[in-house]
Amino acid sequence: MDLIPLFPQEFAEHCKSELEVHSPGLLGSSVGLDKSFLGYTLTRLLLQLALITFVTQSLHLLLRRFNFPRITSEILAGILLGKTVLRRIIGDTQEKMFPANDIILDTFAKIGFIMFMFLVGVKMDPGLIRKAGRKGWTIGLVSSVFPIMAATYMSNQFDILLPLYRRPPTKSIAGILTNTPFPAIVALLVDLKIMNSELGRLSLASALISDLTSTFYTVISANLRIAFLGINPMLAVQSTSLDVMLLCVIMIIRPLFLLIIKSTPEGKPVNSVYISIICAWVLTSAIISDNLGLSYQLAPFIIGLTVPDGPPLGSTITDRLDTFVLGLLAPLMLTYSAIHIDVYIVYDVNYLGFLGVVIIMLVVGKFLCVFLVAILKSVPVKEAVTLAFIMGAQGVVQAALYDLNFRNQTIDDVAFSAVILSIFVVATFTHIIVQFLNDYTRVYTGYQKRSILHTGINSELRVVTCIHRQDDALAAIKLLEASNPSRESPLSVYALHLVELVGRATPLFINHSLGQKNQSGTSRSQQLIALLESFGHQHAGCAVVQVFTAMSMPVFMDQDICSLAFDKLAALIVLPFHRKWNQHGEVVYDSPIARTLNQRVVEMSPCSVAIYVDRRKIRQKTDGDHKLAEHQQYEVAIIYLGGSDDREALAYGKRMMGSTGLNLTIIRLVPTDESNDTQWDKVLDAESLREMKFQSTHRSNVSYREEKVQDGPETTAIIKAMLDTFDLILVGRRHKEDSQVLSGLWEWTDLTELGPIGDFLASSDITKPVSVLVIQQQA
């Protein structure tokens, strides 16, 4: 009898498994359609990514109309593509499309989560902890400590109530539910557009403190448990060594980041080579963290925290990675987890009911804990309820932790399905309830009589002037000088420099009058501050200037503007127009973001608002070899049709007429048929114009005239004749649509935020150096 070799060739061939990557195509394959498409890893991966992205984005486009968050679409897409729905429609083909142990897609999801946590760390502002105050610290610590204590107590009861094999998964789930993940809070606040509100700032600070507290508790408790139980002394040494190593990495890498910033020219992005090296560090740190006993995402998160937020490094990292990571890779974790759940398979109803009770108790307990602490810290009841819901938000972090336990077989498929569905329910209802409870526009509902007309000509006029660029600061100073700041008619100016938030998650609001400095600011910010402060020094005793910087996302800038105007009891907000012209009258800057911002402020402003169309830089046309003589006086005109906005423009003109270097002309356009005007409007208009008519007979720099107008074309003809005479034209935004004076102009109005006359004066066809101020009285 022949002896069988120890490792026969046949056995080796059967054990060898090759991973087929590239498909030979339909014509090159002889094994069928399924093999052609789904038997090759690259083809299957591309199909998986395409399906997940398409279904997720399609659902989000549909559900966002009903105020559902993105996380709802991501989990629902997984349910539709997974065992719950698609498997029951196409059978085993779904298993071939999304295998149970798909290493490639699972790896992509893990890499996406690693980079996601790194970006979260980059966007975090650790300085927010210092600014949290007692209220933020108390809510943050209590929302972390008390759930941990409750979960610890319940874990002891699990040893009595549950069989041995059910205890570890239930304890793991309870421990995960105690977390308050900062990324989930940020995503919720961004979706609801309340990040810049007072409640949003308190939520961010509390969530950051709670998240870091939970993380440190997890690390320390794991180390102590390993050390005291003596399960593996070598493992305890490795874990402790990891903590020390992470501290050393932070001490080494942080200075390296500062060196990168120092070597980057001001105003320029960081070199791509540095970004590639940083990404390599992140992935390497995940390997070390995973092999030495901690969560693989912990080290990347800590490295992200060491990145100085804002430009140039933080902003460059987010610019390069945001779209790819947040748009494609990060959502894979939720969708991929939901693909593997099957809501129809329940083989332990009693345990599932027990698990449901545990989840409800911990979620409700955390809600009550945050709510009661907020009430004790003098937070209003409605805001306390909203804050409690926000702090209970769930998202991709919990899903990643559940998935890790599922892969390690700590949680079975029934429990995994239950916890993924709990994320779906909690995240969806949290978003809807918080949106219902918190409407940031309602804060201005009772705010009344904040306009120039109600301020009085001899009272202090409070103005919030917004600035994007240095041109805006120079234009604002010119307008403020024309506003006649004097001891009898003083100005309080609150200049707000608006900076787009890049490279950080938390918005920043700086009051430079209190000595605050923008650590991530550039020399451009300092130049703007110096220009505005110099105006205050030149008009000492007549004008007081306070300069602020607001770093936030464009979708939240309107809240910064309106909240500042609300807090400072401002009567007027001045917004720069979204277009700029060069000296030849050509458009050189056109910002859709700035226009959208102006539209939002016009809609929700707590006071009067004006949009300033600045054409100062356009040069006068030459006549032969001689330049036309420039006006010695600053010529200002008010086009008056009637209505609340025109009365507001007239009230601003009354303040201007006290300036000796300014000539003011009021041009009233009178329709040939005044039957459309109400009697009350006629009375208010007559009262507003009475004093100006009187001043025109007693002041040399004030003139008043009326023009009979039959229709819109006659109105535009009169306005065109004014362009060579005046430096600044004031006009109201809103007028009656059936006004005879504007007939035919409404159809050609593109910029509705300026009204028909403002739209005509701001058109690109006009190349005269005349600026326009379009005013809307407080709505």
Side-chain angles (χ1 to χ4, degrees), residues 119-120 122-125 127-128 186-187 189-197 200-201 204 261 264-270 275 307-327 440 464-473 475-476 495-512 516-529 532 547-564 573-580 588-601 604 611:
L119 284 179
V120 169
V122 171
K123 295 178 181 180
M124 270 192 186
D125 180 15
L128 189 65
V186 172
L189 297 178
V190 169
D191 283 346
L192 296 177
K193 301 180 181 179
I194 57 175
M195 181 182 287
N196 286 26
S197 64
R201 294 189 178 98
L204 286 173
I261 294 175
T264 302
E266 186 174 349
K268 300 291 184 181
V270 174
I275 304 300
V307 176
D309 56 287
L313 185 55
S315 59
T316 304
I317 290 174
T318 53
D319 282 343
R320 303 288 172 82
L321 300 180
D322 249 3
T323 302
F324 182 67
V325 173
L326 301 184
Y440 61 87
V464 172
T465 179
C466 302
I467 299 165
H468 297 286
R469 301 150 46 97
Q470 186 169 338
D471 288 347
D472 299 331
L496 181 61
H497 181 206
L498 298 167
V499 180
E500 184 177 354
L501 181 68
V502 180
R504 60 189 298 154
T506 53
L508 187 64
F509 195 87
I510 302 172
N511 184 351
H512 297 285
Q516 289 181 270
K517 293 183 179 180
N518 186 358
Q519 295 178 352
S520 59
T522 62
S523 59
R524 182 169 63 92
S525 300
Q526 301 304 323
Q527 291 172 2
L528 295 178
I529 295 168
L532 294 160
V547 185
F548 303 84
T549 294
M551 294 183 64
S552 62
M553 298 178 183
V555 295
F556 300 135
M557 285 181 179
D558 56 319
Q559 298 179 41
D560 286 325
I561 297 169
C562 293
S563 62
L564 179 62
I573 297 173
V574 179
L575 302 169
F577 190 51
H578 65 275
R579 288 178 187 159
K580 303 294 179 186
V588 294
Y589 174 79
D590 192 341
S591 172
I593 294 176
R595 185 192 175 190
T596 302
L597 172 63
N598 291 350
Q599 291 173 328
R600 288 175 176 166
V601 175
M604 62 176 291
I611 297 178

### Message
Regarding D472 and K580, does a basic nitrogen lie under 4.0 Å from an acidic carboxylate oxygen?
### Response
yes
#### Entry: Within-4.5 Å side-chain heavy-atom neighbours: V464 and V574
no
## Note on the structure
Scanning both residues in full, the closest heavy-atom pair of A550 with D560 reads CB-OD2, 3.7 Å
#### Entry: Distance, nearest 0.5 Å, that separates CE of M553 from CD1 of I593
12.5 Å
### Query
Taking atom CZ of F556 and atom CE of M551, what is their separation to the nearest 0.5 Å?
14.5 Å
### Query
Heavy atoms, side chains only, cut-off 4.5 Å: are L498 and L597 in contact?
yes
#### Entry: Pairing residues for A476 by the side-chain contact (heavy atoms from CB on, under 4.5 Å) criterion, not counting sequence neighbours
T465
### Task
For R320, enumerate each residue passing the salt bridge (Lys or Arg N to Asp or Glu O under 4.0 Å) test, keeping only those at least two apart in sequence or located in another chain.
none
#### Entry: Any side-chain heavy-atom pair of C466 and I573 under 4.5 Å
yes
### Query
Just wondering, do H497 and V547 contact through their side chains at under 4.5 Å, heavy atoms?
no
### Set of side-chain contact (heavy atoms from CB on, under 4.5 Å) partners for N598, sequence neighbours left out
L575, I611
### Query
Can you find a heavy atom in the side chain of V120 that is under 4.5 Å from one in the side chain of V186?
no
### Message
R595 and side-chain contact (heavy atoms from CB on, under 4.5 Å): which single residue from R600, R579, H578 fits?
### Response
H578
### Message
In the structure I gave you, are the side-chain heavy atoms of E500 and P554 within less than 4.5 Å of one another anywhere?
### Response
yes
### Message
Applying side-chain contact (heavy atoms from CB on, under 4.5 Å), can you list everything that pairs with I261, at least two apart in sequence or on another chain?
### Response
P308, P312, L313
### Task
Identify, with sequence neighbours excluded, every residue that meets salt bridge (Lys or Arg N to Asp or Glu O under 4.0 Å) alongside D471.
R469, K617
